[in-house]
Amino acid sequence: METMKRTKIRELLASKEIGKEVNVKGWVRTKRGNKNVAFIALNDGSTIHSIQIVIDVAGFNPDDLKLVTTGACINVNGILVESQGSGQAVEIQATTLEVYGTADADTYPLQKKGHTLEFLREIAHLRPRTNTFGAVLRVRHNMAYAIHKYFNDRGFFYLHTPIITGSDAEGAGAMFKVTALDLDNLPRTEEGAINYKEDFFGKSTNLTVSGQLEGELGAMALSEIYTFGPTFRAENSNTPRHLAEFWMIEPEVAFYDIKDNMDLAEDFIKYLVKYALENCKDDLEFLNKMYDNELIERLTFVTNNAFKRLTYTEAVEILLASGQKFEFPVAWGIDLQSEHERYLVEKVFNCPVILTDYPKEIKHSI
Amino acid sequence: MKQNEDGKTVRAMDVLFPKIGEIIGGSQREENYDKLLARIQELHIPEKDMWWYLDTRRFGAAPHSGFGLGFERLILFVTGMANIRDVIPFPRTPQNAEF
């Protein structure tokens with residue numbers, strides 16, 4: 001078929017160029033119709049919305065059309081026309097169609113019925129093709145971009161701190177060891193300990209748990225820096241809030257005191273949330289509808305209201321005076337548990353909270 | 001972390017969010033060489049591993065602060081998803097390194 005430059009579905013759905021000949025490529029979400037006409041919902045990930053492709057069956061090879069099933073990847077030339085029934089302003093009247101890759105209806109796991117998030121985790125190689133993960137991954141990208149934009153616009157420099165670290169002093173928990181030694185034949189010292197002098201780096205090394213210490217070295221020269229990279233914790237925490245590999249953003253600023261630090265944190269988060277509201281509208285509306293009906297309201301609230309700031313000591317006094325029964329009893333000096341934190345945030349203040357001035361015994365990092 | 005003058009507390013800060021809990025942790029750092037060294041010893045961190053870090057307090061030390069924001073916790077908050085495994089493309093968790 002005739003080769004044309006591809007247009008993204010996001011651009012096509014916003015296009016006013018009715019009658020224009022266009023090329024579109026993507027994955028079939030659904031196909032329905034009758035013996036005369038077929039309707040394909042096609043998605044290329046550029047937006048949560050699919051575009052409708054209309055096929056007049058008589059003009060196409062029936063063997064090709066049989067291969068157009070949910071999950072197949074197709075290449076379509078056609079005319080952009082106004083749409084009556086697709087829920088979008090425009091659709092594509094197909095003129096030619098090529099099947100790039102088929103998806104056997106008996107074995108392709110993402111048929112159109114709704115799948116549980118648990119099931120989708122087992123097919124994480126395919127879940128980006130769902131509306132939910134398309135939305136999440138686009139929001140994730142936008143947040144990563146907004147983080148760089150926020151700091152760049154304010155004169156911060158992006159500092160790459162090492163992934164492999166020779167120190168285990170960050171005080172943030174269990175680490176993954178990095179070694180090139182033969183684990184079946186470990187070199188030993190005379191005392192019988194593992195001899196890391198024979199390892200790749202000549203010492204024991206780990207995956208980083210934080211870029212902070214090296215970030216400080218950068219701040220002591222460039223004044224304002226930030227890191228944004230993967231960090232690792234070898235903790236056996238199987239909870240909905242813990243990952244063994246996750247990403248952290250760590251700004252480090254010379255001449256800032258704790259008050260400046262709080263101001264930066266609050267401004268930074270508000271900027272990011274506002275950026276999402278302005279740039280990820282379609283995806284957030286989908287997530288709001290499908291998963292969390294208060295999502296957009298909550299995001300808007302955060303951007304418009306000051307965070308409540310108080311000291312650890314004040315927080316403990318509030319918790320003690322609350323009369324609330326907690327699983328872990330409250331006393332000055334305890335490490336606040338999530339039940340205490342959530343009570344402060346969700347019951348007492350009903351807004352984000354910044355706690356400061358913790359007892360030194362419960363903060364183990366240097 | 002910089003110690004306050006009360007001798008009991010440090011200039012640490014945590015930002016706590018609805019539904020998520022701690023989303024940011026940070027502090028004003030200890031810029032005083034002697035106090036930092038004492039803290040390193042108190043935490044039983046091998047001093048010989050920290051010579052380069054301590055050097056920044058020997059040469060041109062300055063007050064400074066910073067924090068860490070967990071990216072996935074931010075994405076949890078912004079998307080309203082409930083499980084952190086659903087806001088990273090290929091999650092790494094105990095007993096799971098598939099894909």
Side-chain angles (χ1 to χ4, degrees), chain A residues 117 121 124-125 136-137 139-140 143 167 169 171 210 212-213 215-217 219-220 236 238 240-241 243-258 260-262 265 272-273 276 287 291-292 295 298-299 338 341-342 345-346 352-360 363-364 366, chain B residues 1-4 8-18 20-24 26-30 36 39-40 43 45-46 49-50 52-53 56 60 62-75 78-94 98-99:
Chain A
L117 294 170
R121 271 173 226 145
H125 59 310
V136 167
L137 294 179
V139 171
R140 189 178 162 105
M143 289 294 88
S167 72
S210 162
Q212 180 198 320
L213 300 189
E216 288 186 48
L217 309 183
M220 289 298 102
N236 196 10
N238 248 319
R241 304 223 177 127
L243 290 167
E245 176 179 304
F246 59 101
W247 289 64
M248 277 226 287
I249 302 100
E250 296 177 281
E252 194 69 40
V253 193
F255 320 118
Y256 263 29
D257 65 14
I258 190 74
D260 302 319
N261 210 25
M262 285 191 271
L272 296 176
V273 173
L287 293 165
Y291 292 100
D292 183 345
L295 175 64
R298 193 161 58 244
L299 297 180
S338 78
E341 294 175 349
R342 292 189 67 158
V345 172
E346 290 164 22
V353 169
I354 309 183
L355 285 186
T356 57
D357 302 294
Y358 284 82
K360 65 176 177 176
K363 291 289 176 188
H364 302 297
I366 55 177
Chain B
M1 293 177 187
K2 192 170 176 65
Q3 291 197 27
N4 282 318
K8 294 191 298 189
T9 59
V10 287
R11 259 175 233 180
M13 65 173 211
D14 284 348
V15 180
L16 311 176
F17 257 46
I20 309 294
E22 184 189 329
I23 192 167
I24 280 180
S27 68
Q28 184 169 344
R29 317 305 188 190
E30 182 57 75
L36 179 62
R39 185 65 176 156
I40 283 172
L43 292 169
I45 297 167
D49 290 348
M50 303 302 290
W52 47 273
Y53 187 68
T56 58
H64 62 291
S65 301
F67 60 79
L69 166 68
F71 187 53
E72 283 74 22
R73 297 220 174 154
L74 170 76
I75 308 302
V78 172
T79 60
M81 299 298 283
N83 193 311
I84 202 159
R85 294 169 176 85
D86 298 330
V87 296
I88 188 166
F90 307 105
R92 295 287 174 259
T93 52
E98 194 68 52
F99 310 108

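Chain identifiers are assigned alphabetically (A, B, ...) following the order of the sequence lines, protein sequences preceding nucleic acid strands; residue numbering begins at 1 within each chain. Hydrogens, waters and symmetry mates are skipped; everything else that's a heavy atom, side chains included, is used.
Contact count versus chain A (heavy atoms, under 4.5 Å) is highest, among M81(B), R85(B), E98(B), E22(B), for R85(B). When E250(A), M262(A), R298(A), E216(A) are compared by the number of non-hydrogen pairs under 4.5 Å with chain B, E216(A) comes out ahead. Put simply, of I20(B), I88(B), T56(B), I24(B), the one with the most heavy-atom pairs under 4.5 Å next to chain A is I88(B). Each of D257(A), N236(A), D292(A) has some count of heavy-atom pairs under 4.5 Å with chain B, and the biggest count is that of D257(A). Between chain A and the residues I23(B), N4(B), V15(B), the largest count of heavy-atom pairs under 4.5 Å involves V15(B).
Taking the side chain as every heavy atom from C-beta outward, L272(A) and L69(B) approach each other to under 4.5 Å. Taking the side chain as every heavy atom from C-beta outward, M143(A) and I75(B) approach each other to under 4.5 Å. Residues I366(A) and M50(B) meet the side-chain proximity criterion, which asks for heavy atoms closer than 4.5 Å. Residues Y358(A) and D14(B) are in side-chain contact: their nearest non-hydrogen atoms beyond the backbone lie under 4.5 Å apart. Here the side chains of D357(A) and V10(B) are not in contact, with every heavy-atom distance at 4.5 Å or above. You'll find the side chain of E252(A) reaches within 4.5 Å of the side chain of H64(B), heavy atoms only. The closest side-chain heavy-atom distance from E72(B) to R241(A) is not below 4.5 Å.
Using a distance-only test at 3.5 Å, with no hydrogens or angles considered, no donor-acceptor pair links the side chain of T79(B) to the main chain of V136(A).
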